[in-house]
Protein chains: 2
Amino acid sequence: MEYTISKLAKLANVSARTLRYYDEINLLKPARINSSGYRIYGQIEVDRLQQILFFRELDVELDTIISIMNNPEFDKTKALQTHLSKLEEKKSRLEKLISTVENTIAHEKGEILMSNEQKFEAFKDKLISENEEKYGEEIREKYGEKTVEESNKIFKNMSQEKYDVMVKLGEEVLELLTKALETGDPTSTIAQEVALKHKQWLTFTWPSYSKEAHRGLADMYVADERFKAYYEKCGDGATEFLKEAIYTFTE
Amino acid sequence: MEYTISKLAKLANVSARTLRYYDEINLLKPARINSSGYRIYGQIEVDRLQQILFFRELDVELDTIISIMNNPEFDKTKALQTHLSKLEEKKSRLEKLISTVENTIAHEKGEILMSNEQKFEAFKDKLISENEEKYGEEIREKYGEKTVEESNKIFKNMSQEKYDVMVKLGEEVLELLTKALETGDPTSTIAQEVALKHKQWLTFTWPSYSKEAHRGLADMYVADERFKAYYEKCGDGATEFLKEAIYTFTE
DNA sequence: ATATAGGTTAACGTAACGTGAAGGTCAATA
DNA sequence: TATTGACCTTCACGTTACGTTAACCTATAT
C-alpha cells in the first residue's frame, strides 16, 4: 500500500505539515518521490510513524526520537515494551490526578481537610519530562556524542536512495538465487544468504515480518504460476529451491 | 501562609519563570509586592494556581484559561466536575493506547493481524485539542469577543490593588459592625452584611470556606482575649454580636 | 476547458516558557 | 562591618513543533 502525504496524514491523524516537517528534520523520510515531486510513503514509513507517535505520546522530544530510532541498536520490540510501562506510569499519574480533583471537590464542600501540599501532589511526578533526558542520556552514554551525530548523517537524504536499495535488493535476490541453485543445496551458506536477502526485501513492504508468513509466501510462490515464472528465470526448479531455502532459514 | 516565588514554585512543582510569566500575562498575579519588589503570594493564589494546573493538564491554552477564570460567571465547583470527566476521558484514551501497544507487540510476534487503521486508532481521539476550542467558543458565544477583552482588562494590574481591597474589607467589617451593633439585632440586614463581608475577608487567606469553620472561628473570637479585644473596639459585646450574626448567616 | 482538490517550497508567526546577563536584597557568618 | 551565598528583580534573546499564508504546479472530473 502506498500513501500520498494527505492519505498518511489522515490515517495517522496528523497534519500534512507535520509529515513535511518530519521529512525536513530527517525523522521520517518518504519511501520515494514520484515524478511530480510528490512524497510517497510505504509500509515501512507507516510503522515508523506509529513508533514516532508512541514516543511523542510520552513527551519525548523529536530530536531525541531521531537519536533513538536512527540508532543501529534500536530494538523495536524492546521499545514497545518500554512504551507499555511508561504508559502505565502515565495512567497511574492520571489516576492520582483524578483523586486529587475528587478530594478538592470534597474539600470545597467542607467535607475533608486538604493541605496545600496535597493540592499539588499529583502534579509532582516528573517522570514524563525525565523520559527525554533518560532516553537521550542512555544513547549518549553508550555511543558518545559523535557517534550519534554520525548515525544521524547516515540517514540524511535517504528517501530516494531507500527506494533504490529496495530495487537493488530484489535484483540481488535473483542474482544470488541463480548462483545458489548451482550448489543444489538449499541449506548451503549461499542459499541461506538468498533467504536472508529475501527477508530484507520483504520488510520494505510488509507490515511486519514473521517466520510463518515468510513460509506462507514461499508456498504461494510454488503454487502460483505468475510468481513461479518470475523466479524460474534463475533456472529450472529455482522456485522450489527458494522455498526449501526459506524453510531452512525459518527453522 | 505567604509564599515567595520560589516557595510557591516548589509547592506546585512549576518553575519561578513560569510564575513570572503567568504574572506577565495576567493569569496569576501575586497577592502583593513587598517593599523590596518581591512577589508575595497568598492562599487565594495557591488555589488559583491549582485550578490553572488542572486546566493545563487538559491541554487548555493559557489564553483560554485566562478567559475562563477571569469570567465573572466562572464556577469553581462546576469546573472541577468538568475536570473530572475530562480526565476520565483522557484515562480511557490512555487505556486504548496501552492496548494498541500490546496489540502491536503481539503483531510483531506474528500472533495477530493488525490493519494500518488499527495501528493509529488510539491516536484518533481529538478530544484534548478540542477542549481548547470548546472552552474558548463557549465563552465567546456567551459574552462576545469584546466582553472577554474587557473582562481581561479589569484583572490587569490587580496585585497591589488586591491587597488593598483586602485591607479595606477588614476595615469595612469593623465599620459596619459598629453600626450593626446599634440595631442590637444579629439577624438584621446590616448585621448579615457584616457576616458576609467577614466571609469575603476570610476567603483572602483561607484555603477554603466552610460554614462550620466560619462558626468555629466566631467561637474562637469570643473565647480568645486577643481577638475579643480587636472587635470590642466597635462597642461592648461586639464580639458576641458578631458571633451571633455569623451563626445566623451560616444557618 | 476549466473547476476543484490535491501537491510543492519558502518563509514568517506562535505558544509557553528556558536561559543567561546585570544587578538589587537578605540572613548568616568571619 | 564586610562579605558570602542564596534569594529576588527586569530585560531580552533563544527554542520547539509545528500553524499559516503565499505563490505556484499537478491530477482528475465534468
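In what follows, chains carry the letters A, B, and so on, assigned in the order in which the sequence lines appear, proteins first and then strands, with residues in each chain numbered from 1. The analysis underlying the following values was restricted to heavy atoms, covering all of them including side chains, and did not include hydrogens, waters or symmetry mates.
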Under a plain distance cut-off of 3.5 Å, with no hydrogens placed, do A:Lys10 and A:Asn13 share a side-chain donor-acceptor pair?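 No donor-acceptor contact under 3.5 Å links the two side chains.
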Say whether A:Thr64 and A:Ser67, considering side chains only, have a donor N or O and an acceptor N or O under 3.5 Å apart.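 No donor-acceptor contact under 3.5 Å links the two side chains.
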Check the orientation of A:Phe55 and A:His83. Use parallel for under 30°, tilted for 30 to 60°, and perpendicular for over 60°.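 Rings of A:Phe55 and A:His83: perpendicular, as their planes differ by over 60°.
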Does A:Glu95 have any salt bridge (charged side-chain N to carboxylate O under 4.0 Å, His left out) partners at least two apart in sequence or in another chain, and if so, which?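 Once residues adjacent in sequence are excluded, the partners of A:Glu95 under the salt bridge (charged side-chain N to carboxylate O under 4.0 Å, His left out) criterion are B:Lys91.
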Can you measure [X] atom [atom1] to [N] atom [atom2] for me and round it to whole angstrom units?
X: B:Tyr21; N: D:dT10; atom1: OH; atom2: P; answer: 16 Å
X: A:Leu58; N: D:dA17; atom1: CG; atom2: P; answer: 14 Å
X: A:Leu28; N: D:dA17; atom1: CG; atom2: C1'; answer: 15 Å
X: A:Asp63; N: D:dC18; atom1: CG; atom2: C1'; answer: 14 Å
X: B:Tyr3; N: D:dC8; atom1: OH; atom2: P; answer: 15 Å
X: A:Arg17; N: D:dA22; atom1: CZ; atom2: C1'; answer: 14 Å
X: B:Leu19; N: D:dT9; atom1: CG; atom2: C1'; answer: 14 Å
X: B:Ile40; N: D:dC7; atom1: CD1; atom2: P; answer: 15 Å

What nucleic acid atoms does A:Arg20 come within less than 4.0 Å of, heavy atoms only: base, sugar-phosphate, or nothing?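 Counting heavy atoms under 4.0 Å across all strands, the contact made by A:Arg20 includes a base.
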At 4.0 Å (heavy atoms only), tell me whether A:Ile25 reaches a base, stays on the sugar-phosphate, or touches nothing.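 Here A:Ile25 touches no strand at all.
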Where do A:Lys86 and A:Asp59 land on the salt bridge (Lys or Arg N to Asp or Glu O under 4.0 Å) test, with the steps shown first? CA-CA 11 Å; A:Lys86 299 277 178 192; A:Asp59 299 308; over 6 Å; no
Would you indicate, yes or no, if D:dC25 has its OP1 or OP2 atom less than 4.0 angstrom from a side-chain nitrogen or oxygen of A:Tyr38?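 No, A:Tyr38 has no side-chain N/O under 4.0 Å of OP1/OP2 on D:dC25.
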Just N and O in the side chain of A:Ser15: are any of them under 4.0 Å from OP1 or OP2 of D:dC18?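 So the side-chain polar atoms of A:Ser15 never come under 4.0 Å of the phosphate oxygens OP1 or OP2 of D:dC18.
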Residue pair A:Leu11 / A:Tyr3, side-chain heavy-atom distance below 4.5 Å: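 Yes; the side chains approach each other to less than 4.5 Å.
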For chain A, the stretch of DNA chain C it reaches, first to last nucleotide, under 4.0 Å of its heavy atoms: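 So the outermost contacting nucleotides come out as C:dG6 to C:dA11.
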Taking the nucleotide of DNA chain D with the nearest heavy atom to each, does B:Ser36 or A:Arg56 sit closer to the 5' end?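 This one resolves to B:Ser36.
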So does A:Glu24 pair up with A:Arg17, basic N to acidic O under 4.0 Å?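 Counted as a salt bridge, because a side-chain N and a carboxylate O are separated by less than 4.0 Å.
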